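A quick write-up on the structure given underneath.
Every heavy atom of this structure was used, including side-chain atoms; hydrogens, water molecules and symmetry mates were not. It should be emphasised that the depicted structure is a prediction, and the values quoted were computed from it without experimental measurement. Letters go in sequence order (proteins before strands), and every chain restarts at 1.
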Amino acid sequence: MARNETPAEKLDFIRQIVAEDRRTGKWDGRVITRFPPEPNGYLHIGHAKSICLNFGIAAEFGGRCHLRFDDTNPTKEEAEYVESIQQDVRWLGWDWGEHLYFGSDYFQQMYDWAVQLIQAGKAYVCDLTAEQTRDYRGTLTEPGRESPWRHRSIEENLDLFERMKNGEFPDGSRTLRAKIDMAHPNLNLRDPVMYRILHAAHHRTGDAWCIYPMYDWAHGLEDSIEGITHSICTLEFENHRPLYDWFLDALGVHHPQQIEFARLNLTYTVMSKRKLLRLVQEGHVRGWDDPRMPTISGMRRRGYSPEAIREFCRVIGVNKFNSTVDVQLLEHCLRQDLNKTSPRVMAVLRPLKVVIENYPDGQVEELEAVNNPEDPSAGTRKVPFSRELYIEQDDFMEEPPKKFYRLAPGREVRLRYAYFVTCTDVVKDADGRIVELRCTYDPATRGGDAPDGRKVKATLHWVSAEHAVDAEVRLYEHLFTKENPEEVEEGRDFTANLNPDSLQVLTGCKAEPSLARAKPLERFQFERLGYFCVDPDTAPGRVVFNRTVTLRDTWAKVRQKDDQ
RNA sequence: UGGGGAAUGGUGUAAUGGUAGCACAACUGACUCUGGAUCAGUUAGUCGGGGUUCGAAUCCCUGUUCCCCAGCCA
C-alpha cells in the first residue's frame with residue numbers, strides 16, 4: 001500500500017472470501033447474495049445483521065442482493081408476514097430492485113429435478129411413518145438402518161411420486177427421500193426427506209400442490225436458480241452444507257458457495273422467533289411492534305433510526321463463534337445518530353410549578369432557541385416564556401447533597417434560553433409535599449447570559465404553563481432484569497426474568513407548544529432527558545411519546561454511587 | 001461415548017510468523033447555556049501445557065471449555 005493511502009477497512013472473513021473470488025474471477029466477477037426469510041414471523045435485530053451483511057456485500061462489491069421468501073411450509077406461513085418483511089427491509093434502507101422472489105415459484109422446477117434424481121436412482125419414495133423414520137435414523141452414536149422401501153424400482157418410485165403429487169395419499173403416509181448413506185456420521189445425510197405430503201393451502205400457490213419440498217432440498221435449488229454466488233446463512237446450517245452440496249452436485253447445476261456466520265445475541269433480550277411469539281401471545285408485551293421488542297417494527301416505533309441499526313450491524317462485525325453483544329453498544333450507535341439528527345425541544349416529564357414573582361403577570365416573551373447545536377442548518381425557533389412555568393421535579397431539592405447543583409432554596413440557576421432565576425420559597429401541601437416553587441428572575445439575563453459575567457452551575461429545561469401541551473410519555477427499560485434472560489432456576493423459563501418495570505406510563509407531561517403538531521414516528525431530543533419518538537397512538541388532542549433512549553446521565557451515575 | 005464448528009481485555013472485534021490495535025463499557029480530567037455533545041487520558045486481553053522458530057494470537061502436539069446436529073421446521 002502506498003504511504004499516503006488510508007488503509008482499507010478490515011474485511012470480515014466473508015468479505016475476504018468474496019473479495020478473493022472477485023480477484024480470481026471465480027464467478028466471472030459476479031456477486032449475487034440473497035436474504036431468504038421464511039414468512040412466518042416478524043423480522044428482528046438479528047435479521048438486520050443478516051440483511052446488512054447480504055445487501056451490504058452486494059452493494060460494496062458491485063453485485064446485487066435478492067429478497068427471497070423461503071415459503072416451503074404452508075402450515076406456518078402467511079401473506080401478512082410477507083408484507084411486513086418487505087416493509088422492514090425497505091425501512092432499513094435496502095433495495096432489492098426487481099429481484100423479489102418466492103421459493104414457491106420454483107415448485108415445478110424442483111419437482112422436475114426430483115424426478116431427475118429418481119431416474120438417476122438417487123431418490124426413492126418411502127412408506128415409513130414419521131415415527132418409524134426417526135427410529136430408522138439411528139442416533140448420534142449409532143448408525144441408522146435402511147428403509148425397507150429403499151430399493152424400489154425406479155419405475156415404481158416414479159409412479160408413486162407422481163401419485164403423491166396428484167394427491168392420492170394422505171398426509172404423512174409417504175415421503176420422497178434422497179438415497180445417500182444411512183450410516184453417515186452426519187445425520188443430515190442419512191437419507192434425508194426431500195418431500196412430505198401436506199394437504200394444506202399455500203399463501204401463494206393455493207391448492208396447486210399437496211407435496212412440499214423440505215428446506216435442505218429446496219434452499220440450494222432456489223439459490224441455484226437465481227444464480228446466487230454466495231449463500232450466507234447462520235451457523236446451525238453448517239451441518240447441512242454437505243447436503244446442500246450433495247443435491248447440487250447430483251443435479252449438476254449452478255452451485256453457490258454456502259458460508260455460515262454466527263447469529264447475533266444481545267444482552268437483556270431474547271431473539272428467537274419462538275420466544276418473541278410467546279411474549280406476544282402471553283401478553284407480556286403489547287404486540288410485535290411493542291417498543292420493548294427487539295423486532296424491527298418495535299425498534300422503529302421506539303424511535304430507532306435505520307442509520308443507527310445499520311451502523312450497529314457494521315461495528316459488531318461477523319464471526320463464526322457465538323457471542324453476546326452488550327446492548328449498550330446498540331444504544332451508543334443510536335445516540336450517536338440521534339445526537340446529529342434530532343431536533344431539540346423542551347418537555348417536562350414530572351412537572352413542578354414555578355411562579356416567577358417579579359415577572360409581569362400576563363406578559364409573554366418569545367425566546368429564541370437553537371434547534372440542534374450539532375447542526376446549524378436546523379435553525380432556531382421561538383419558545384414562549386411567561387410568569388408561570390413547569391420545571392422537572394428532579395431539578396429541585398430542598399436539601400441538596402454536595403454534588404447536586406440544580407435548583408435549591410436560595411440558589412440561582414439558568415432556565416435554558418431564558419433567564420437566571422433564584423428560588424425564594426417552597427410551597428407545600430398539607431402532607432408536606434412540594435407543590436410549587438416561588439422564584440425571582442433577573443431581567444438582565446434575558447436569553448441566558450449574565451452581562452456581569454456571573455456563572456450558574458446548572459441550566460434547566462422548562463415549559464410555559466399557559467402554553468404547554470399535555471402529553472403522555474412512555475418510558476422503557478430492558479424487557480428482562482438479567483443480562484442473560486435464560487439464566488433461571490431449575491424448572492423456570494426466561495419469562496421468570498421479565499422486568500416488571502419495563503414500561504412506565506407518565507401522563508400529564510408538559511411539552512413546548514411546537515410539539516402539538518408532531519406526527520407519528522417523528523423523533524426529538526427532549527433536552528437533558530433523552531430521545532423521544534411520537535407514538536402512532538397519537539391522535540388529535542392526545543400526544544404520545546416513546547422514550548427511545550435516555551441521554552448519557554452522569555448525574556444519575558453519581559447518585560447511584562452515593563446510594564451504595 | 002459419533003460428526004461438525006469455535007476459543008484474543010468486562011463486551012464486540014483487528015492483527016493471516018515480526019511493536020497485540022480499534023470500538024463499547026468503566027474510571028480521571030478539560031470544556032460546556034443540555035450533568036448532553038466534544039476533547040485529553042487511565043485501567044484491562046491472546047483458554048491451559050508442551051514444542052518448532054532469532055521471533056508464535058498465528059505453525060505442530062496435547063489437554064480444557066463452549067456451540068450445533070437424532071423435525072415429514074427453516
Geometric class of the A:H44/A:H47 ring pair [parallel <30°, tilted 30-60°, perpendicular >60°]: tilted
How would nucleotides 5-17 of chain B be written as a contact map, 5' to 3', with B for base contact, S for sugar-phosphate-only contact and - for no contact, using protein heavy atoms under 4.0 Å? SSSS--SSSSSB-
Is any side-chain N or O of A:T139 closer than 4.0 Å to OP1 or OP2 of B:rG2? no
Would you kindly compare A:R196 and A:L529 by the position of their nearest RNA chain B nucleotide and give the one closer to the 5′ end? A:L529
A:K510 and A:P351 have their tightest heavy-atom pair at CG-CG, 3.8 Å
Presence of salt bridge, A:R314 and A:E311, under 4.0 angstrom: yes
Taking only Lys NZ, Arg NE, NH1 and NH2, and the carboxylate oxygens of Asp or Glu, determine whether A:D442 and A:R414 approach each other closer than 4.0 Å. no
From the options B:rA74, B:rU34, B:rA26, select the nucleotide whose nearest atom is closest to the side chain of A:R552. B:rA26
Ranking A:F526 and A:E236 by the position along RNA chain B of their nearest nucleotide, the one closer to 5' is A:F526
Hey, does A:F237 reach any base, or is it just sugar-phosphate, or nothing, if we go heavy atoms under 4.0 Å? base
CH2 of A:W217 versus P of B:rG71: gap in Å, rounded? 22 Å
Sugar-phosphate, base or nothing in reach of A:N239, heavy atoms under 4.0 Å: base
Complementary nucleotide of B:rC31, counting Watson-Crick and G-U pairs under 3.5 Å: none
Any donor-acceptor pair under 3.5 Å between the side chain of A:N186 and the base of B:rG2? no
Touch class at under 4.0 angstrom, heavy-atom based, for A:H240 against every strand present: base
For A:M299 versus A:P294, what's the shortest heavy-atom pair and its separation? SD-O, 3.7 Å
Short side-chain donor-acceptor distance under 3.5 Å, A:E38 and A:N40: yes
Any strand is fair game: report the nucleotide pairing with B:rA37 by Watson-Crick or G-U wobble, both distances under 3.5 Å, or none. none
Watson-Crick or G-U wobble partner of B:rA15, both distances under 3.5 Å: none
